[in-house]
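Before any comments, here is the structure.
In what follows, chains are A, B, ... by sequence order, proteins preceding strands, each numbered from 1. Since we're looking at a predicted model, the values are computed, not measured.
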Amino acid sequence: MEYLNELNHEQREAVIHEEGPMMVIAGAGSGKTRVLTYRIAHLINHGIDPFNILALTFTNKAAREMKDRIGKVIGDNEARNIWMGTFHSVFAKILRMEADRINYPRNFTIYDTQDSKSLIRDIVKEMSLSDKVYKPGVVFGRISAAKNNLISPEAYRRNTEIMSEDSQAGRPRMVDIYTEYAKRCFRSGAMDFDDLLYKTNVLLRDHADLLYKYQNKFHYILVDEYQDTNFAQYLIVKQLAAARQNICVVGDDAQSIYAFRGANIQNILNFRNDYPDYALYKLEQNYRSTKVIVQAANSVIDKNTEQIKKTVWTDNPQGDLIRVHRAYSDNDEGSFVSHDIFEIQNQSQRPNSDFAILYRTNAQSRSFEEAMRKLNIPYRIYGGLSFYQRKEIKDLLAYFRLTANPNDEEALKRVINYPARGIGKTTMEKLLIASNKYDQPIWEIIAHPHTYNTGLNKGTLSKIGAFALMIQSFQSIINKKNAFEVADHIAQESGLVKDLNADKTPEGVARYDNIQELINGIKEFSDQIDPNNPDRIFTLPDFLVDVALLTDADNDDDDDNKVSMMTIHAAKGLEFPYVYVVGMEENLFPSQLALNSRSELEEERRLFYVAITRAEVRATLTYALTRYRWGQLSQCEPSRFLDDIEEQYLSRPKASPKQSNPFAGKGGFDQARQQFYKPMGSANDVNTSPKPNMKKVSDTPSQASAADLNGIRVGTEVEHARFGKGKVLKIEGEVPNHKATVYFPSAGQKQLLLKFAKLKILS
DNA sequence: TGGAATGATGTTTTT
DNA sequence: CATCATTCCA
C-alpha cells in the first residue's frame, strides 16, 4: 500500500473509506483525481472485483487517464475490467445490451446535435410552422431540457405550467413537435444524446429485473464532477446505488459550469438528504498553484452568493502577480501572447506544452493561431469543429450508419443524393409524405416501392432502386468482413471518394485527406486484437457504436510538445504552468447572454474561477480594446471580472496605452523579419506602394507598414473596408501606434489604429 | 434536377 | 465573417 503514503490525511481518509455513501468536496487542484484513482485501486486491492465497480466521468479523456493511472497501481489487466466511462458511453453500452426491452434495435444510431436539429427542421416544415418562431436550436433546447428532467411528451402535455410557458413564448405547438420528434427518432431506431440518459431511466423504471440486475452488478459506484450532473444522471445513479449505497461522489460546487445544459448544483446539496448518514471529506489544500493564484481565485469566487463554504489554501510559494494586459485589438492580443510565450521560453527553457491559451468561445482561437504561426510556435487547438463533425466525415459515416441501421432517417437524407444521383428535393418530399402516411421508415418505402403508393414515376423509382440495391450490397458484407474492408469498400462504391478526388481545390484536397484519415483510423480499429477472444473480427457496427460519442479531445497525441489552445470549458480538469486567459471583456466574458440573471452571471464567474485555477506558476489575463465580432470592428470594455480579483494580486497596465504594451517598440522588428522572408512581389505591395490596393494587402494587420501613416493627415479622405468612405478628423499617438479619429457618413465617428485599420487613401 | 449565386442569420460553453 | 438555406437559372 505504498500509495497511501502519497496522500494527506483527508485524502487518505477518503481513499480508505469502505462501505456506505460518501461525498468528497474537492477544491481546485486539491488532488481530486488522485483520490478517485487511488480509491478505486484500493478497492480492488481489497478484493473487490473490477467488474463490480462503476466509475462515471464527464469526458472520455478523463476516463482513459484514470484507467491508465489505476493500471499503474494495480496492473492494466485488472484496470481494464472496470466499468469506466462517461455517463453517455456507459449507458449507451447498457442500452445496446437491453435494447429489445424498450423495442429499440441493438445497433440503434446515436443522433448528434446536428442530426437532431435537422430532424426538427423537417418536422417544423412538415407541420407548416414558421422556422423563425420554431428555431431548431430553441426547440431542441426545450426538448433537451424536458428529457433531462425526465418529462415525456405526454407528461409535457399534461404539465400546465410548461404548456403555458410555451404559449406565452408564442410557441404553443412545441409539445406537438416534441411528440413527433420522439416518434420519428423511435421510427429511425435512433437516440439523441439526451435519450441515452432518458431511456436508461425508462429502462430501469419499467423493468424491475434490470434494475435489480445492475444494482447487483455495480457494488461500488463512483461519480466524478458530481456538480455537473443533471437530474436524469442523478436519478440513474441514485437508482443503481439504492441497494448497496456504496456511492462515492466527487465534486466542487465552485467549478460547476454546465448549468446551461441542465447540470444542477442541488444534486450536491441533495446528497445529504438522500443519504443522511453520508461521510463528507473536504479537500482544501491546493497542490497545483502559487499562493497568489489560489488567493486571487478565492477572491473571485467569494463574489458569488451561492456556494458551499470552503477555504482552499496552499503551501506553495507566493509566486508572481497575475498580469493584466491591455491589447489594442484581437490581433494585437494574439501577438502579445505569442511573444510572451516566446520570451519565457527563451528565458527559462520551458517546453511548449507548459503553456495554455484559454478563451470563452471557440471563435477566438483565430488570432492566436495566426500569431503562433508567425513565430513558428507549435500549437494544438482542442475542441471547435470536431473531426467527426466535418461534412465529408459525416457523409461517409452516414453511409456506414445507413448500412448498419437502414431506418436511420437522418443518415438516409444525407446520402441518398450525395454524390448526386438524381434523387432531388421533390422525390424526397414524396418519400417523406409516404413515410409519414404509412408510419414506416423511409427505407421501408424505398426497399419495397411497390407495396406503398408514393406517386413517383418510373424513372425516379429506378434511381431509388439502384440506391437501395447499393445499400443492400453493403449490408450483405457488413458483418462478414472487418470494419476496414467494409469501410473502404463503401467509400469507393458509394462514389464519395471519387467525388472528393475530383475537387482539386485546397479545401477539396483537405477533405479527401480527412476521409483517408478516417479510413486509416478504422484500419487501426480493425487490426486490434481482443485479448479474451483472439479470433474476434472487429466489424463496422463495432466501430460505429462509440463514434457519435467521440470528440476531438479523444484522439490526442498528448506527448506532443505544443501550446494548448482551448475553451475554458474544455480546460476543466487540466493544469498548465503558464496560463493565458484571453478576451477578458464585457459581453464576451462574461458572455452577453449570461447577463440576464444572477445565476447565469455566477456561472460565468465560476468559469473564470476555473480558468484562473488551471495555472500552476503564472496566470496572465488579457483584453483587447477593439475586436472583430460578426465581421464588425467593435469597441470593447474590460471585463468586470478583472475587478473581482483583489487588487493586491494584480499587476495592471499603466494608464497610458503606449507604456502598457511592452512589445509596441518591437513591432517594427517583427515586421521587418517577416518581410525579410517575403517574396519580392508581396514585399513591394507592402513597402513601396504609396497607396496600397486594399485587395492586395493581406489581412495580416502588421503588414500595414509605418510608411502608410505618412500619407494620412487630418482632413484626408479615406476608405475603410467596412465603414466605407470617411474623413480623418484627428490623429494622435506616436509611431507605430498612430490612432486616427475618422468620421464615416455611413457608420459615424470611429477611432482606428492605423497600424491595424486598412485605410485606403482617396485624397 | 443540379449547381451556382445570393441572401439571411447567427455564436457560449458539450456529451 | 462564415455558414447555411433558399432562390434562381440552365
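With sequence neighbours left out, F260(A) forms a ring-ring contact (aromatic ring centres under 6.0 Å, His included) with Y258(A), H569(A). Listed by chain and number, the residues in a side-chain contact (heavy atoms from CB on, under 4.5 Å) with S365(A) are Y359(A), E369(A), I381(A), M565(A) (sequence neighbours excluded). When the side-chain contact (heavy atoms from CB on, under 4.5 Å) test is applied to D644(A), the partners found at least two apart in sequence or on another chain are V300(A), K303(A), R605(A), F641(A). In this structure F525(A) satisfies the ring-ring contact (aromatic ring centres under 6.0 Å, His included) test together with F538(A), F543(A), sequence neighbours excluded. By the side-chain contact (heavy atoms from CB on, under 4.5 Å) test, N417(A) pairs with A420(A), R421(A), I423(A), sequence neighbours left out. Listed by chain and number, the residues in a side-chain contact (heavy atoms from CB on, under 4.5 Å) with S128(A) amount to none (sequence neighbours excluded).
Q389(A) has its CD atom 11 Å from the P atom of dT13(B), to the nearest Å. Computed from coordinates, the F589(A) CZ to dT13(B) P distance equals 13 Å when rounded to whole Å. With rounding to whole Å, Y628(A) atom OH is found 12 Å from dA2(C) atom P. Atom P of nucleotide dT13(B) and atom CG of L358(A) are separated by 14 Å, given to the nearest angstrom. When the P atom of dT15(B) is taken as reference, atom CD1 of I143(A) falls 21 Å away, rounded to whole Å. Distance CG (N417(A)) to C1' (dG3(B)): 12 Å, rounded to an integer number of Å. The interatomic distance linking L601(A) (CG) with dT13(B) (P) rounds to 18 Å, in whole Å. Computed from coordinates, the D499(A) CG to dG2(B) P distance equals 12 Å when rounded to whole Å.
A salt bridge links K147(A) with D195(A): the distance from a Lys NZ or Arg NE/NH1/NH2 to an Asp or Glu carboxylate oxygen falls below 4.0 Å.
For F58(A) and dT15(B), the ring-to-base geometry does not satisfy the stacking test (centroid distance below 5.5 Å, interplanar angle below 30°).
Within the structure, the salt bridge (charged side-chain N to carboxylate O under 4.0 Å, His left out) test picks out the following pairs touching residues 116-129 of chain A (sequence neighbours left out): D122(A)-K413(A), E126(A)-R184(A).
No contact: L196(A) has no heavy atom under 4.0 Å from any strand. If you check every strand for non-hydrogen atoms under 4.0 Å, K572(A) touches nothing. Contacts of E604(A) with the nucleic acid, taken as non-hydrogen atoms under 4.0 Å apart, include base atoms.
Residue R421(A) places no side-chain N or O under 4.0 Å from the OP1 or OP2 atom of dG2(B). For the OP1/OP2 pair of dT9(B) and a distance below 4.0 Å, the side-chain nitrogens and oxygens of K132(A) include at least one atom meeting the criterion. Distances shorter than 4.0 Å separate some side-chain N or O of N362(A) from OP1 or OP2 on dT13(B).
Comparing atom distances between the R366(A) side chain and each of dT13(B), dG2(B), dA2(C) picks out dA2(C) as nearest. In this structure, the nucleotide among dT15(B), dT13(B), dG2(B) sitting nearest to the side chain of T113(A) is dT15(B).
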Protein-nucleotides 4-7 of chain C N/O pairs under 3.5 Å:
{"from": "dA5(C)", "atom 1": "OP1", "to": "R121(A)", "atom 2": "NH1", "distance (Å)": "3.1"}

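A donor-acceptor contact under 3.5 angstrom links the side chains of S116(A) and Y181(A), judged on distance only. The closest side-chain donor-acceptor pair between R373(A) and Y379(A) falls under 3.5 angstrom.
Heavy-atom nearest nucleotides on DNA chain B were determined for T460(A) and for T361(A), and the one closer to the 5' end corresponds to T460(A). In this structure, T427(A) and S591(A) both approach DNA chain B, and ranking their closest nucleotides by distance from the 5' end singles out T427(A).
Within residues 85-97 of chain A, the residues that have a heavy atom under 4.0 Å from DNA chain B are, in order of number, T86(A), H88(A).
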